[in-house]
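This report concerns only the one structure given below.
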Amino acid sequence: MRTTPHASVEDSNAILTVTLNRPEKLNAISPAITEVLSDAVRALRDRDDLRVLVIQATGTYFTAGYDITEIDETDRSPSEYRNHYLGHHRLYDAMEEVDKPIILAVQGKCLGAGVEMSGSCDFRFASDTATFRLPEINLAVIPGSGGTSRMTRLIGQHWTKWLAMAGQPVDAQRALMIGLVHDVYPLAGFHQRVREFAIGLTKLPREALGLSKIAINMCANTDPATARDVERLANNVLVYGHEYKQRVADFKNSTSTRT
């Protein structure tokens, strides 16, 4: 995987961790960071020894959003701009599509592209000092890499309008209330709590975890009858797999031992 001074990558105990570390730019997402994230998602997809990806940051900002100072979009033709923008869409799509869990750990202020990225992650955690905001409306554009589409699906029109239309902030407790994050931890020990959750995921049955993600994503985008077909098909695969047989055998053995 590529490395950059803007982000570090650690591979330990089946968990791949990308840490944004660009304090002079408040962890603004540069093209180099986008490449590191893309490499990490591909590694998670292709390597059997990797089970979970954690995306985190250092400092008071998780990210200030996309670094618009690095590239002047007005210097591009409309076609060039659309193709460049497509790169972000493909990254976030790939994060959704990989059949392994991705965790976003927001320890501080999370703006723009950071909020949009969160919509592609399976699990989202915030420290008690974290805040979320989509400020694009102040630049006369909309959040166009999931801040409109994925946020509406994740937290509904009501709160997406608060974030994307009004550009208003959401603190950690409100983010928990509206479903933007799964849990809030104290800033002290925040990353350790997230890592403990990630370790727990590595101990779950691999195939069931992967098919669970695929099935949930499919069910969210189809009608109820088809969704139930997806459930039956997924479990039809799993009950004949070795993981299920082993877990059932272990359960029966533990039950007989207790009696």
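Any value given below was found using the heavy atoms of this structure, including those in side chains, with hydrogens, waters and symmetry copies removed.
- You'll find the side chain of Val184 reaches within 4.5 Å of the side chain of Gln173, heavy atoms only.
- Annotation: side chain of Leu104 is not in contact with side chain of Phe125 (no heavy-atom distance under 4.5 Å).
- When hydrophobic clusters are built by joining Ile, Leu, Val, Met, Phe, Trp and Tyr residues whose side-chain heavy atoms come closer than 4.5 Å, directly or via intermediates, Leu209 is grouped together with Ile199.
- For the pair Asn27 (side chain) and Thr58 (backbone), a donor-acceptor distance under 3.5 Å is present.
- Side chains of Glu96 and Ser120: no donor on one and acceptor on the other come within 3.5 Å.
- No donor-acceptor pair closer than 3.5 Å links the side chain of Asp49 to the backbone N or O of Ala14.
- Looking at heavy atoms from C-beta onward, Leu37 lies in side-chain contact with Leu91 at the 4.5 angstrom threshold.
- Thr160 contributes no side-chain N or O that, together with a main-chain N or O of Gln157, makes up a donor-acceptor pair within less than 3.5 Å.
- The pair Asp171-Arg174 does not meet the salt-bridge criterion, since no charged nitrogen lies less than 4.0 angstrom from a carboxylate oxygen.
- Between the side chains of Thr226 and Asp229, no donor N or O sits under 3.5 Å from an acceptor N or O.
- Glu116 places a side-chain N or O within 3.5 Å of a backbone atom of Gly147 that can act as its donor or acceptor partner.
- The side-chain contact (heavy atoms from CB on, under 4.5 Å) with Arg195 is formed by just one residue from the set Ile103, Val52, Thr17; it is Thr17.
- Closest of all the heavy-atom pairs between Val181 and Ala126 is CG1-CB, 4.1 Å.
- Side-chain atoms of Asp46 do not come within 3.5 Å of backbone N or O of Ala43 as any donor-acceptor pair.
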Intermediate values then yes/no, side chain to side chain contact (heavy atoms under 4.5 Å, CB included), Asp67 and Ile29: CA-CA 5 Å; Asp67 189 353; Ile29 297 175; over 6 Å; no
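- At distances below 3.5 Å, at least one donor-acceptor pair connects side-chain atoms of Ser127 with backbone N or O atoms of Gln107.
- Rounding to the nearest 0.5 angstrom, the gap separating the CG atom in Leu187 from the OG1 atom in Thr129 is 4.5 Å.
- Residues Phe132 and Val106 meet the side-chain proximity criterion, which asks for heavy atoms closer than 4.5 Å.
- Here the closest non-hydrogen pair linking Ala28 and Ile33 is O-CD1, 3.5 Å.
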Test log, rule salt bridge (charged side-chain N to carboxylate O under 4.0 Å, His left out), inputs Asp99 and Arg45: CA-CA 7 Å; Asp99 63 348; Arg45 180 195 65 195; over 6 Å; no
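- Criterion: ILVMFWY side-chain heavy atoms under 4.5 Å apart, direct or through other members. Under it, Leu176 and Trp162 are part of a common hydrophobic cluster.
- Here the closest non-hydrogen pair linking Glu136 and Ile142 is CB-C, 3.9 Å.
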From CA spacing to verdict: side chain to side chain contact (heavy atoms under 4.5 Å, CB included), Ser8, Asn21: CA-CA 7 Å; Ser8 62; Asn21 184 22; 5.6 Å; no
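- Remark: Arg193 does not engage Asp183 in a salt bridge, criterion side-chain N to carboxylate O under 4.0 Å.
- Counting only distance, with no hydrogens or angles, the side chain of Asn235 and the backbone of Leu238 share no donor-acceptor pair below 3.5 Å.
- In summary, the side chains of His191 and Gln56 do present a donor paired with an acceptor at a separation below 3.5 Å, with no hydrogens or angles considered.
- Using a 4.5 Å cut-off on side-chain heavy atoms (C-beta onward), Leu233 and Val237 make no contact.
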Residues Asp93, Arg150; criterion salt bridge (charged side-chain N to carboxylate O under 4.0 Å, His left out); working and verdict: CA-CA 11 Å; Asp93 289 347; Arg150 286 191 175 92; 2.6 Å; yes
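- At most 12 heavy atoms of other shown residues, nucleotides or ligands fall within 6.0 angstrom of atom CE in Met165.
- A heavy-atom distance below 4.5 Å is found between the side chains of Arg153 and Asn221.
- For the atom pair Glu243 CD and Leu204 CG, the distance stands at 10.0 Å (nearest 0.5 Å).
- The two residues Ala175 and Val170 make their nearest non-hydrogen contact at N-CG1, 3.4 Å.
- Leu201 and Leu16 fall into different hydrophobic clusters, where Ile, Leu, Val, Met, Phe, Trp and Tyr are joined by side-chain heavy atoms under 4.5 Å apart, directly or via other members.
- Note that the CD atom of Glu10 and the OG1 atom of Thr19 stand 7.0 Å from one another [nearest 0.5 Å].
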Verdict with supporting geometry, Asp122 and Lys100, salt bridge (charged side-chain N to carboxylate O under 4.0 Å, His left out): CA-CA 9 Å; Asp122 303 294; Lys100 297 177 185 176; over 6 Å; no
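- Listed for the Asn253 side chain is a donor-acceptor partner under 3.5 Å among the backbone atoms of Ala249.
- The cluster map of Ile, Leu, Val, Met, Phe, Trp and Tyr, joined by side-chain heavy atoms under 4.5 Å apart, puts Ile137 and Met151 in different clusters.
- Note that CD1 of Ile15 and CZ of Phe197 are 11.0 Å apart. Values are rounded to the nearest 0.5 Å.
- For Val18 against Ala7, the heavy-atom pair with the smallest separation is CG1-CB, 4.4 Å.
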Derivation and outcome, side chain to side chain contact (heavy atoms under 4.5 Å, CB included), residues Ile102 and Leu44: CA-CA 9 Å; Ile102 298 178; Leu44 182 69; 3.8 Å; yes
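- Looking at every heavy atom in both residues, Ser118 comes nearest to Leu180 through OG-CD1, 4.0 Å.
- Without hydrogens or angle criteria, His89 side chain to Gly144 main chain gives a donor-acceptor distance under 3.5 Å.
- With hydrogens and angles disregarded, a donor-acceptor distance shorter than 3.5 Å links the side chain of Thr148 to the backbone of Pro143.
- Note that CG of Leu111 and OG1 of Thr131 are 7.0 Å apart. Values are rounded to the nearest 0.5 Å.
- A donor and an acceptor atom, one from each side chain of Arg51 and Asn13, are nowhere located under 3.5 Å apart.
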CA sep, side-chain torsions, deciding dist, call: Lys109, Phe62, side chain to side chain contact (heavy atoms under 4.5 Å, CB included): CA-CA 6 Å; Lys109 295 181 176 67; Phe62 174 80; over 6 Å; no
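- Here CG of Leu20 is found 8.0 Å from CD1 of Ile55. Values are rounded to the nearest 0.5 Å.
- When side chains are defined from C-beta on, Ser30 does not count as touching Lys25, because their heavy atoms never get closer than 4.5 Å.
- Residues Tyr92 and Leu53 fall within the same hydrophobic cluster, defined by Ile, Leu, Val, Met, Phe, Trp and Tyr side chains chained together at heavy-atom separations under 4.5 Å.
- Counting heavy atoms from C-beta on, the side chains of Met95 and Cys121 come closer than 4.5 Å.
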